[in-house]
A.B. asks: 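One structure, pasted below without further comment.
Just so you know, these numbers come straight off a predicted model, no measurement behind them.
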Amino acid sequence: MTENKKKIAVLGSTGSIGTQTLDCARTMGFEVALLTASKSIDLLEKQIREFLPGLVAVADVDAANELRLRVSDTKTKVLGGNDGILEAIDNADFDIAVNGIVGMAGMLPTYHCVRRGKTVALANKESLVVAGDIIMKVAEDNGAQILTVDSEHSAVFQCLNGINPTNEDTSPRILGEKLSKIILTASGGAFWGMTESELKNVTASSALKHPNWKMGSKITIDCATMMNKGFEILEAMYLFGVPDEKVDVLVHRESIVHSMIETVDGAILAQLSVPDMRLAIQYALTYPSRGERVIDKLDLAKIRNLTFFEPDYKTFPAPLICRAAKKTGGTATAVLNASNEIAVERFLKDDISYPKIVEFVEKALNDIPLIKTPTLDEIIEVDTKTRLTVQKYI
């Protein structure tokens, strides 16, 4: 099957990852089989009329009902509610799903995709943070492949494929056996270089001013706390089948080196490009081949300097908290994610200060009882309990 004949599902099509995925689909001629969104039906209607998907699902039931009336002149079927999204995933005819849904809401869509044996181009890192053991097992049992749309993990995957002599379609976990170390790069977000005392008074609006990337508000705040990098450490462990001690982090303010690998013979390989998520999206969609360029060219002579620093874990402890939660295991990472989501949501509303984000995460990890070997239903129950608990902290 040639890559432009693939049928794609875009989960979270009106968000940052979703719209950039459709940019790639537009440029490369992919067929779009399924679109999902939360409630942004003005943009979703435009996407329907351009890409003519057979199925669309909207989490907000009222919005879905309105959209159904708006596009009644098309052949697109519109489903409503979270159950409607899962029903659409279970029934749509697609080859690869790009999951750009933000937060815990993207976990069950990932699960339903891999349960069908579908390839998932995963931008929703919470799927693996919260339920990685279950999702990876279901994917393996059903022959599903999980590729990555995070720029950092895509960089690692591209480097690994660069040392794969057969150039065959190989899973990240198989390629990961050749690794000595993964080196994830981090921009440091909006507040890198600030002191703990300075961070007490920063605002949400200042946190949203990422130096290099244009992303959704939630992930931009996660970059500012470096919680996003902590999540990426856990995601790397699942994607590439490596232990905690094989994943390092370097702060790289320019966001040109997207990540590196150290091979068993001591070589370090890096993937460089301008900071544009479309490269990672396109690579997942066209893998194992490469498509025509959709991003601007990188001019290193203009960049001139590439800098690297050790992380300041005293001021930005979130990655260490994530490592500890993964080591604890069970539902600890579900608590980690849920508490962070609520804290970030309230910070964006100016209800809490920036330091409270990590404070609430640590408090929730101490307060919520651990289930060591949870089922998917128990993970969801713990997620709900954590959110209610954190709301009471405020």
A.B. asks: Tell me whether I89 shares a hydrophobic cluster with V102, the cluster being built from Ile, Leu, Val, Met, Phe, Trp, Tyr side chains joined at under 4.5 Å.
C.D. replies: no

A.B. asks: Between L52 and V10, is there a shared hydrophobic cluster once you connect ILVMFWY residues whose side-chain heavy atoms come closer than 4.5 Å?
C.D. replies: no

A.B. asks: To the nearest 0.5 Å, how far apart are CD in E378 and OG1 in T373?
C.D. replies: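 That separation rounds to 9.0 Å.
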
A.B. asks: Apply the test side-chain contact (heavy atoms from CB on, under 4.5 Å) to residues V56 and K77: give CA-CA distance (whole Å), side-chain angles for both, the deciding distance (0.1 Å), then the verdict.
C.D. replies: CA-CA 6 Å; V56 165; K77 181 179 179 180; over 6 Å; no

A.B. asks: Quick one: do D90 and R115 make a salt bridge, cutoff under 4.0 Å?
C.D. replies: yes

A.B. asks: Is the cationic atom of K118 (NZ for Lys, CZ for Arg) positioned less than 6.0 Å from the six-membered ring centroid of F94 and within 45 degrees of its normal?
C.D. replies: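 Here K118 passes the 6.0 Å and 45° test against F94.
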
A.B. asks: Can you see which heavy atom on R116 is nearest to which on N91, and at what distance?
C.D. replies: NH1-N, 3.8 Å

A.B. asks: Test side-chain contact (heavy atoms from CB on, under 4.5 Å) on I379 and V130 and set out the steps.
C.D. replies: CA-CA 8 Å; I379 288 172; V130 169; 3.3 Å; yes

A.B. asks: If you look at every heavy atom in A332 and L370, which pair is closest and at what distance?
C.D. replies: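 Shortest heavy-atom contact: N-CD1, 3.6 Å.
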
A.B. asks: Between K326 and D244, is there a salt bridge with N-O shorter than 4.0 Å?
C.D. replies: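 Salt bridge flag = no for K326 with D244.
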
A.B. asks: State whether K7 and D95 are salt-bridged, where the test is any N-O pair (Lys NZ or Arg NE/NH1/NH2 against Asp/Glu carboxylate O) under 4.0 Å.
C.D. replies: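 Salt bridge between K7 and D95, a charged N being under 4.0 Å from a carboxylate O: no.
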
A.B. asks: What distance separates L320 CG from Y313 OH, expressed to the nearest 0.5 Å?
C.D. replies: 6.0 Å

A.B. asks: Shortest non-hydrogen contact from R68 to G80?
C.D. replies: NH2-N, 4.1 Å

A.B. asks: Other residues, nucleotides and ligands only: do more than 12 of their heavy atoms fall within 6.0 Å of NZ on K218?
C.D. replies: yes

A.B. asks: Looking at K314 and D312, is there a salt bridge between them, counting it only when a charged N and a carboxylate O are closer than 4.0 Å?
C.D. replies: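 So D312 does not pair with K314 through a salt bridge.
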
A.B. asks: With the threshold set at 4.0 Å, does a side-chain nitrogen-carboxylate oxygen contact exist between D141 and K137?
C.D. replies: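 K137 and D141: salt-bridged.
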
A.B. asks: Test Q158 against every option in H258, H153, R290 by the side chain to side chain donor-acceptor pair (under 3.5 Å) rule and name the one that passes.
C.D. replies: R290

A.B. asks: Would you mind telling me which of D383, T389, T384 makes a side chain to side chain donor-acceptor pair (under 3.5 Å) with R387?
C.D. replies: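 With R387 as partner, side chain to side chain donor-acceptor pair (under 3.5 Å) holds for just one option, D383.
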
A.B. asks: Just to verify, which of D73, T74, T76 counts as forming a side chain to side chain donor-acceptor pair (under 3.5 Å) with R49?
C.D. replies: D73

A.B. asks: Do the side-chain N and O atoms of S206 and T203 include a donor-acceptor pair separated by under 3.5 angstrom?
C.D. replies: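 On atom types as modelled, these side chains qualify, holding a pair under 3.5 Å.
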
A.B. asks: Answer yes or no: are there more than 12 heavy-atom neighbours, outside E140 itself, under 6.0 Å from its atom CD?
C.D. replies: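 12 or below, so no.
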
A.B. asks: For the atom pair CG (L67) and OG (S40), what is the distance rounded to the nearest 0.5 Å?
C.D. replies: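 Between L67 CG and S40 OG, I get 11.0 Å after rounding to 0.5 Å.
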
A.B. asks: Before giving the answer on salt bridge (Lys or Arg N to Asp or Glu O under 4.0 Å), spell out for R70 and D42 the whole-Å C-alpha distance, their side-chain angles and the decisive distance to 0.1 Å.
C.D. replies: CA-CA 10 Å; R70 289 193 192 184; D42 289 340; 2.7 Å; yes

A.B. asks: Kindly give the heavy-atom pair with the smallest separation between M107 and S127, and that separation in Å.
C.D. replies: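 Result for this residue pair: CA-OG, 3.5 Å.
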
A.B. asks: Using the six-membered ring of Y393, assess whether NZ or CZ of K356 lies under 6.0 Å from its centre and within 45 degrees of the ring axis.
C.D. replies: no

A.B. asks: So which heavy atom on P275 is nearest to which on I256, and how close?
C.D. replies: CD-CD1, 4.1 Å

A.B. asks: Should the pair E232-K229 be classified as a salt bridge under the 4.0 Å nitrogen-to-oxygen rule?
C.D. replies: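 A salt bridge is present here (some side-chain N lies under 4.0 Å from a carboxylate O).
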
A.B. asks: Roughly how far, to the nearest 0.5 Å, is CG of L11 from CD1 of I17?
C.D. replies: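 These two atoms lie 12.0 Å from each other.
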
A.B. asks: Say whether I85 and L43 are linked into one hydrophobic cluster, either directly or through other cluster members, by side-chain heavy-atom distances under 4.5 angstrom.
C.D. replies: no

A.B. asks: Using side-chain contact (heavy atoms from CB on, under 4.5 Å), reason through L306 and H252 one step at a time and then give a plain yes or no.
C.D. replies: CA-CA 7 Å; L306 299 175; H252 169 57; 3.8 Å; yes

A.B. asks: Are any of the side-chain nitrogens in R26 or E50 under 4.0 Å away from the carboxylate oxygens of its partner?
C.D. replies: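 Counted as a salt bridge, because a side-chain N and a carboxylate O are separated by less than 4.0 Å.
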
A.B. asks: Which atom pair, heavy atoms only, marks the closest approach of A97 to C113?
C.D. replies: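 Answer, listing the atom of A97 first, then C113: CB-SG, 3.7 Å.
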
A.B. asks: With hydrophobic residues grouped by side-chain heavy-atom distances under 4.5 Å, do V242 and I163 end up in a single group?
C.D. replies: yes

A.B. asks: Under 3.5 Å, is there a donor-acceptor pair linking the side chains of T315 and E196?
C.D. replies: no

A.B. asks: Run the salt-bridge test on D351 and R346 with the 4.0 Å N-O cut-off and return the result as yes or no.
C.D. replies: yes

A.B. asks: So, are E381 and K385 salt-bridged, with charged N and O less than 4.0 Å apart?
C.D. replies: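 Judged by the 4.0 Å cut-off on N to carboxylate O distance, E381 and K385 do not form a salt bridge.
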
A.B. asks: L239 and side-chain contact (heavy atoms from CB on, under 4.5 Å): which partner among L234, L147, I146, I182?
C.D. replies: I146

A.B. asks: Mind running side-chain contact (heavy atoms from CB on, under 4.5 Å) on S180 and T263 for me, showing each step along the way?
C.D. replies: CA-CA 5 Å; S180 173; T263 57; 5.8 Å; no

A.B. asks: So, do Y287 and F157 have ring centers that fall under 6.0 Å from each other?
C.D. replies: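 Yes, the ring centres sit under 6.0 Å apart.
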
A.B. asks: Determine, using the 4.5 Å side-chain heavy-atom cutoff (strictly less than), whether I233 and L365 are members of one ILVMFWY cluster.
C.D. replies: yes

A.B. asks: I'd like to know if the side chain of T307 pairs up with that of E254 as donor and acceptor (distance under 3.5 Å, no hydrogens or angles considered).
C.D. replies: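 Yes, a side-chain donor-acceptor pair sits under 3.5 Å.
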
A.B. asks: Checking S154 against E152 for the side chain to side chain donor-acceptor pair (under 3.5 Å) test, could you report, in this order, the C-alpha distance in whole Å, the side-chain angles of both residues, the deciding distance, and whether it holds?
C.D. replies: CA-CA 5 Å; S154 178; E152 294 84 356; over 6 Å; no

A.B. asks: For E310, does the CD atom sit with more than 12 other heavy atoms under 6.0 Å from it, leaving out its own atoms?
C.D. replies: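 Not buried by this count: 12 neighbours or fewer within 6.0 Å.
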
A.B. asks: Taking the six-membered ring for Trp, are the ring centroids of F191 and Y354 within less than 6.0 Å of each other?
C.D. replies: yes

A.B. asks: Take E341 and N337 through the test side chain to side chain donor-acceptor pair (under 3.5 Å) and record every step on the way to the result.
C.D. replies: CA-CA 6 Å; E341 282 194 28; N337 177 72; 3.0 Å; yes

